[in-house]
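Nothing fancy with the numbering, it's 1 onward along the sequence.
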Amino acid sequence: METKMMQKPQFMRGVLTVKYKEYSTPHYIRVVLEGADLKNFTEANVGDNNKILIPKDKTKKLELPEQKGGGRLNSDDFWVRTYTLRSLDLEKGEMAIDFVMHGETGPASSWAIHAEKGDELGVLMKAKSKPLFLPAEKYVLVGDHTAVPVISVLLEKLPEDAIGTVLLEVYSKEDMLPLTKPNGVTLNWLINSNPGTTTNILDAFATAVIDANTFVYAAAEFTVVKQLQEKLRKVSGLERKNWYAFSYWKYGKSEDASAKDRKELSHTE
């Protein structure tokens, strides 16, 4: 008799509801979700990106669209945005997502500001085999305000004896979160109240010591990441597999933008 191995789900999806929310800092809100559909996320990895479906009318029941591949999700009923899975506790029945606050100018920020217990949110994730980071002698992690959630996860997952440098750019001193990290990792906060128009990341990155034994993780605005990639390509001996670079956003554009802009926003090298 043949025994068929159980296949892991390629896509994980569900409609969850707000359990509670809390302001971590003036510019970050943590929304904790719950619901029966959490059972669908057993293969989810904390730190990976997910697609959240933000209802345009929260009085209307949220219906998940059919998902057969990597095509773009379209609907008049919700906005689609990409966020980091900040934490997942299946035993406790909780999933957490951290939202950056920039007023009412974006649907995700506005939704989080006004979120109340019981409000629905769609969550879609694709099972991934690529590790969040690769083992290395030292680590350099670089990000702007949008990368704080994923770099927070990275710091929690690094080995206890890890050595490295973190450059994190946030809106204000009040947004400097007390992050858990290995003792050998130095955390440097950069303050920038005008992300997109200016950045302190590139100057700070120029002082980072990077060699062939370094793993680099960079996530920030598109033009900043593009310049970081150019610098990384010039590091002698640094293999391409030892650095990840993600453009999390592009100044003046959103995930509702053109096909070209969406490609740039999802670009990973």
State which residues pass side chain to side chain donor-acceptor pair (under 3.5 Å) with Ser87; sequence neighbours excluded, sorted by chain then number.
none
Is there a side chain to side chain contact (heavy atoms under 4.5 Å, CB included) between Ile97 and Asn50? Walk through the geometry before answering.
CA-CA 10 Å; Ile97 300 175; Asn50 56 29; 4.1 Å; yes
Do Lys56 and Asp77 sit within salt-bridge range, that is, some charged N less than 4.0 Å from a carboxylate O?
no
Applied to residues 88-97, the side chain to side chain donor-acceptor pair (under 3.5 Å) test, sequence neighbours excluded, yields Lys19-Glu94
Side chain to side chain donor-acceptor pair (under 3.5 Å) between Glu221 and Thr223, intermediate numbers included:
CA-CA 6 Å; Glu221 194 273 335; Thr223 57; 2.3 Å; yes
With sequence neighbours left out, write down each residue that passes ring pair (Phe, Tyr, Trp, His ring centres under 6.0 Å) with Phe41, or none if nothing qualifies.
none
Mind listing the closest non-hydrogen atom pair of Val224 and Leu202 along with its distance?
O-CD2, 4.0 Å
Taking all non-hydrogen atoms of both residues, which atom of Lys21 and which atom of Ala115 are closest, and how far apart?
NZ-O, 3.2 Å
Asn242 to Ala212 - nearest heavy-atom pair and separation
ND2-O, 4.1 Å
Through direct or indirect side-chain contacts below 4.5 angstrom among Ile, Leu, Val, Met, Phe, Trp and Tyr, which residues connect to Tyr20?
Val32
Quick check: do Val18 and Glu116 have side-chain heavy atoms less than 4.5 Å from each other?
no
Pairs involving residues 133-152, ordered by first then second residue, that meet salt bridge (Lys or Arg N to Asp or Glu O under 4.0 Å) (sequence neighbours left out)
Lys138-Asp211
Pick out which of Phe133, Phe215, Tyr139 makes a ring-ring contact (aromatic ring centres under 6.0 Å, His included) with Tyr244.
Phe215
Residues in ring pair (Phe, Tyr, Trp, His ring centres under 6.0 Å) contact with Phe99, at least two apart in sequence or another chain
Tyr83, Trp111
Nearest non-hydrogen partners of Leu16 and Leu38, listed with the distance:
CD2-N, 3.8 Å
Please find the pair of heavy atoms, one from Ser110 and one from Glu104, that lie closest to each other, and give the distance.
OG-OE1, 2.6 Å
State whether a side-chain donor-acceptor pair under 3.5 Å links Asn192 with Thr198.
yes
Donor-acceptor pair, Ser247 side chain versus Val225 backbone, under 3.5 Å?
no
Using a strict cut-off of less than 4.0 Å between a Lys/Arg side-chain nitrogen and an Asp/Glu carboxylate oxygen, indicate whether Glu120 and Lys60 qualify as a salt bridge.
no
